[in-house]
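Worksheet for the structure shown next.
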2 protein chains.
Amino acid sequence: MRNILDRIGDKWTMLVLMALAVEPRRFGMLMRVVPDISKRMLTQTLRLLERDGLITRHVFATTPPSVEYRLSPLGCSVLEPLHALAQWAEANFASITFARARYDDGLGRTDP
Amino acid sequence: MRNILDRIGDKWTMLVLMALAVEPRRFGMLMRVVPDISKRMLTQTLRLLERDGLITRHVFATTPPSVEYRLSPLGCSVLEPLHALAQWAEANFASITFARARYDDGLGRTDP
DNA sequence: CGGAATCCCAGTTGATACTG
DNA sequence: CAGTATCAACTGGGATTCCG
């Protein structure tokens, strides 16, 4: 079970899942949409997600070849808890930023 | 915002938060409860959580000294989305394990 | 275009020892 | 007990290169 959360909690996994939540996307498009991900990491992330059955891979024998990735039903089902977390992060962004700033000013230990 | 999710998605953060969700705990107790965490990593994780205002640190001037950590209101509020994710992981553990096994047997690409 | 293989550095982590 | 300090080891991931 730790394995599963580790995969979801991975640096890129959430971002890729979010990107695929919008619509199915091709490899190159994912590269453009997910900020700062390298080709290597994108490939790896996609493989692991495919392995876990969260996404499916569809090859089109065009020239040049194109590969489309889309969320499986299982992949869709994880979006709910994921969005809940993202919403929490957004809602508490200010509080956390403030807490960090205060802590970094050395005032963390003095009770407010 | 990526910063926040990165912190939550960290390997140990979730486990520590879950452990503190049960009840406030002292350092040594956390070491025992969180599997395989090293003293070093526990210290670091606690510092970062304290910095973000998710937990509070209470020192008791006993001999030997004891330090108790507990969730702040902000820390409590993150438990809901976190549990949602944990529940998802538990509910789909079997499916994912099965998907992995099939993929590792080289049957991942042949449509079912 | 999509992806595999190789190289290689930088940052993370674990072990160990020391302190208040 | 609850850390801090130091160093070695490991690993992730970027850059690069090549292939179908």
Side-chain angles (χ1 to χ4, degrees), chain A residues 2-3 5-17 19-20 23-52 54-71 103-104 106 108-109, chain B residues 2-3 5-16 19-20 23-52 54-71 103-104 106 108-110:
Chain A
R2 289 261 298 279
N3 303 314
L5 291 181
D6 278 6
R7 178 95 355 113
I8 302 295
D10 178 74
K11 183 177 179 184
W12 301 112
T13 301
M14 272 194 278
L15 296 169
V16 170
L17 285 177
L20 291 177
E23 59 180 341
R25 290 186 196 272
R26 292 175 42 197
F27 188 89
M29 183 55 67
L30 284 170
M31 283 284 296
R32 272 169 247 128
V33 166
V34 180
D36 295 330
I37 195 171
S38 69
K39 191 187 291 191
R40 191 181 190 286
M41 281 299 97
L42 180 55
T43 301
Q44 187 177 112
T45 303
L46 290 170
R47 285 293 166 279
L48 291 173
L49 286 174
E50 190 193 359
R51 184 170 102 107
D52 286 359
L54 295 181
I55 64 176
T56 55
R57 184 171 177 272
H58 306 272
V59 181
F60 299 98
T62 57
T63 50
S66 69
V67 181
E68 188 183 79
Y69 295 91
R70 57 177 64 207
L71 293 177
Y103 185 93
D104 292 346
R109 278 79 168 202
Chain B
R2 288 257 300 275
N3 303 312
L5 292 181
D6 278 5
R7 177 95 354 113
I8 302 294
D10 178 75
K11 183 177 179 184
W12 301 113
T13 301
M14 273 193 278
L15 297 168
V16 170
L20 291 177
E23 58 179 343
R25 291 186 196 273
R26 293 173 43 194
F27 188 90
M29 183 55 68
L30 284 170
M31 282 283 296
R32 272 169 247 126
V33 166
V34 180
D36 294 332
I37 195 170
S38 69
K39 191 185 291 189
R40 197 169 128 72
M41 281 298 98
L42 180 55
T43 301
Q44 187 177 111
T45 303
L46 290 170
R47 286 292 167 279
L48 291 173
L49 286 174
E50 189 194 0
R51 184 171 102 107
D52 285 359
L54 295 181
I55 65 176
T56 56
R57 184 171 177 271
H58 305 273
V59 181
F60 299 98
T62 58
T63 50
S66 67
V67 181
E68 187 183 80
Y69 294 92
R70 57 176 65 206
L71 293 177
Y103 186 93
D104 292 345
R109 280 77 168 203
T110 73

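Lettering follows sequence order; numbering is per chain, from 1. Side-chain atoms are counted along with the backbone in the values below, which use heavy atoms only and exclude waters and symmetry mates.
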_Is it the case that the side chain of A:Arg7 and the backbone of A:Leu48 share a donor-acceptor pair, with hydrogens and angles ignored and the cut-off at 3.5 Å?_
no
_Donor-acceptor check, side chain of A:Arg57 to backbone of A:Glu50, threshold 3.5 angstrom: yes or no?_
no
Spacing between [X] atom [atom1] and [N] atom [atom2], to the nearest angstrom:
X	N	atom1	atom2	result
B:Tyr69	D:dC1	OH	P	14 Å
B:Ile55	D:dA2	CD1	C1'	14 Å
B:Arg57	D:dA2	CZ	P	10 Å
A:Arg47	C:dA5	CZ	P	11 Å
A:Glu68	C:dG3	CD	P	12 Å
B:Leu42	D:dT4	CG	P	11 Å
A:Glu50	C:dA4	CD	C1'	15 Å
B:Arg26	D:dG3	CZ	P	10 Å

*Test side-chain contact (heavy atoms from CB on, under 4.5 Å) applied to B:Leu30 and B:Leu15, B:Thr45, B:Leu20, the passing residue*: B:Leu20
*Quick one: pull up CZ in A:Arg51 and CG in A:Leu49 and give me the separation to the nearest 0.5 Å.*
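It comes to 11.0 Å.
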*asked:* Base, sugar-phosphate or nothing for A:Phe60? Non-hydrogen atoms, less than 4.0 Å.
replied: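 Result for A:Phe60 = nothing.
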*Which pairs count as salt bridge (charged side-chain N to carboxylate O under 4.0 Å, His left out) when at least one residue sits in residues 58-70 of chain B, sequence neighbours excluded?*
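Sorted result for residues 58-70 of chain B: B:Glu68-B:Arg70.
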*Indicate for each nucleotide in nucleotides 13-20 of chain C, in 5' to 3' sequence, whether protein heavy atoms under 4.0 Å reach the base (B), only the sugar-phosphate (S), or nothing (-).*
BBB----B
*Thinking salt bridges, do B:Asp6 and A:Lys11 make one under a 4.0 Å N-O criterion?*
no
